[in-house]
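The basis for the numbers below is simple: all heavy atoms, side chains too, and nothing from hydrogens, waters or symmetry mates.
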Amino acid sequence: MPPRTATTGTKISTDARAIARRTGTLLGGMPYLRFGTGTPLVVLPGFGQNNEPTVGFERMFVSQTLMPLAANHRILRLTSRPGLDPNSTMKEIARDYADALRLEFPGPVDVMGISTGGSIALQLAADHPDVVQRLIVVSAAYKLGPVGKEVQSRVAEEMAAGRPRRAGLEMFRTLGTSAFTRWLSGGMGWLLGPAMLGKATPDMMAIIHAEDGFNLRDRLSEIDAPTLVVGGDRDGGYPVELFRQTAALIPNGRAIVYPGQGHMVVTSEPRLMQDVLEFLDGWSPNTPDPAP
């Protein structure tokens with residue numbers, strides 16, 4: 001597929017201003033950001049400090065990141081509802097999404113989950129196949145890797161103790177791909193911790209708790225939706241084998257691994273949006289899924 005002009009910085013900036021972005025809430029108060037035109041694409045983001053509508057700089061950043069998809073896809077970026085039970089499971093969180101999507105759309109839609117949103121998306125596809133047409137999982141797998149699990153546990157402990165700087169340090173340190181970049185990323189997390197985590201609600205802790213107990217390995221064979229798993233081979237939260245195993249255990253799954261890329265850097269990798277577009281535009285419910 002030839003490169004799309006929407007992937008250039010100038011074009012993205014123009015489109016980000018031109019395409020209307022609407023915010024609101026769906027069933028149960030689930031916050032959304034909606035923009036773009038074409039076939040629906042539901043995007044589930046990673047966890048944040050609260051489950052509130054996307055506004056301000058965050059809204060601008062999210063729109064800019066996803067804009068290459070917005071020319072052909074009507075994007076619904078959907079966040080978990082506020083007021084989650086502290087003991088919520090990933091199954092229960094996914095059920096909220098399924099209920100909302102059944103009311104919002106007349107049939108199954110494409111779903112893209114990023115980081116923790118990828119965990120939710122996998123659970124959604126396994127438990128509620130009637131709402132997921134095709135699945136894209138970015139920087140996530142059927143379970144957290146041992147380092148990722150340990151880091152999220154430490155983040156939860158620091159937040160419970162009221163230390164957002166230390167929580168930010170722990171969270172950001174895994175974003176590096178070498179000893180130096182981990183040190184640098186940790187320092188950035190220390191500086192940004194109060195801004196990024198200073199207004200954290202119990203919902204953030206509930207989602208961390210749910211992902212801590214998440215392991216969908218034995219359910220992957222039940223996922224009917226064609227699935228693309230994308231990750232970096234330097235991801236601090238997931239060993240690269242987990243990305244490949246997740247795709248291999250899904251009947252119609254495939255994996256793309258970007259060399260030298262860490263956890264969140266994958267979302268800014270220029271190839272990501274092109275690979276997603278080729279996956280979405282190169283397959284339809286009435287034709288066989290193309291070979292990996």
Side-chain angles (χ1 to χ4, degrees), residues 43-48 65 80 89-91 93-94 111-126 135-157 167-179 181-186 188-189 204 207-221 223 225 227-250 253-273 275-276 279 292:
V43 177
L44 313 186
F47 73 79
T65 300
S80 296
T89 64
M90 200 62 78
K91 188 178 188 71
I93 293 171
V111 176
M112 176 177 175
I114 302 170
S115 191
T116 298
S119 301
I120 298 171
L122 282 166
Q123 187 80 56
L124 181 69
L135 178 64
I136 302 138
V137 178
V138 180
S139 295
Y142 67 79
K143 69 172 183 177
L144 275 170
V147 174
K149 197 166 186 176
E150 180 183 349
V151 167
Q152 286 203 174
S153 177
R154 290 202 299 265
V155 169
E157 289 175 4
L169 184 151
E170 296 290 351
M171 182 183 296
F172 272 63
R173 191 156 50 188
T174 62
L175 305 184
T177 57
S178 66
T181 56
R182 283 191 291 271
W183 174 82
L184 194 64
S185 297
M188 186 179 298
M204 175 180 166
I207 291 176
I208 289 176
H209 175 268
E211 193 164 33
D212 184 64
F214 174 73
N215 187 334
L216 204 68
R217 189 182 193 283
D218 294 340
R219 300 281 314 283
L220 293 178
S221 63
I223 294 178
T227 301
L228 176 67
V229 179
V230 185
D233 68 357
R234 298 288 186 87
D235 193 306
Y238 296 90
V240 67
E241 293 80 10
L242 282 180
F243 299 133
R244 295 191 173 113
Q245 288 172 11
T246 300
L249 292 170
I250 294 173
R254 72 185 72 166
I256 297 176
V257 175
Y258 299 139
Q261 301 291 31
H263 186 69
M264 293 309 296
V265 179
V266 168
T267 59
S268 59
E269 163 60 51
R271 290 171 292 180
L272 174 63
M273 293 303 165
D275 286 335
V276 169
F279 175 73

Problem - Step-by-step side chain to side chain contact (heavy atoms under 4.5 Å, CB included) determination, Phe243 to Asp235 - result: CA-CA 10 Å; Phe243 299 133; Asp235 193 306; 3.7 Å; yes
Exercise for the section: Please report the C-alpha distance between Arg244 and Val257 in whole Å, then the side-chain angles of each, then the deciding distance to 0.1 Å, and finally whether the side chain to side chain contact (heavy atoms under 4.5 Å, CB included) criterion is met. Expected result: CA-CA 8 Å; Arg244 295 191 173 113; Val257 175; 4.1 Å; yes
Practice task
Look at the side chain of Ser139 and the backbone N and O of Ser115, then say whether any donor-acceptor pair between them is shorter than 3.5 Å.
Solution key: no
Fill in the blank from the handout: dist Leu228:CG -> Ile256:CD1 (nearest 0.5 Å) comes out at 4.5 Å
Exercise for the section: Report yes if some heavy atom in the side chain of Leu122 is under 4.5 Å from a heavy atom in the side chain of Ile250; otherwise report no. Expected result: yes
Exercise for the section: With the side chain counted from C-beta on, respond yes when Tyr258 and Val230 share a heavy-atom pair under 4.5 Å apart, and no when they do not. Expected result: yes
Fill in the blank from the handout: Of all heavy-atom pairs linking Pro239 and Gly145, the shortest is CD-CA, 3.7 Å
Handout entry: Stepwise side chain to side chain contact (heavy atoms under 4.5 Å, CB included) test for Thr65 and Met273
Key = CA-CA 9 Å; Thr65 300; Met273 293 303 165; 4.2 Å; yes
Handout entry: Where Ala126 and Arg219 come nearest, the two heavy atoms and their spacing
Key = O-NH2, 3.2 Å
Exercise for the section: Can you label the angle between the His263 ring and the Tyr238 ring as parallel, tilted or perpendicular, going by 30° and 60°? Expected result: parallel
Completion exercise
When rounded to the nearest 0.5 Å, the distance separating OG of Ser119 from CD1 of Ile114 is 12.5 Å
Handout entry: Close side-chain approach of Thr116 to Gln152, heavy-atom, < 4.5 Å
Key = yes
Problem - Heavy-atom donor-acceptor pair, Asp233 side chain to Gly260 backbone, under 3.5 Å - result: yes
Completion exercise
Ala125 and Ile223 have their tightest heavy-atom pair at CB-CG2, 4.0 Å
Problem - Donor-acceptor under 3.5 Å (Thr246 side chain, Leu242 main chain) - result: yes
Exercise for the section: Step by step, work out the side chain to side chain contact (heavy atoms under 4.5 Å, CB included) result for Met204 and Val155. Expected result: CA-CA 10 Å; Met204 175 180 166; Val155 169; 4.0 Å; yes
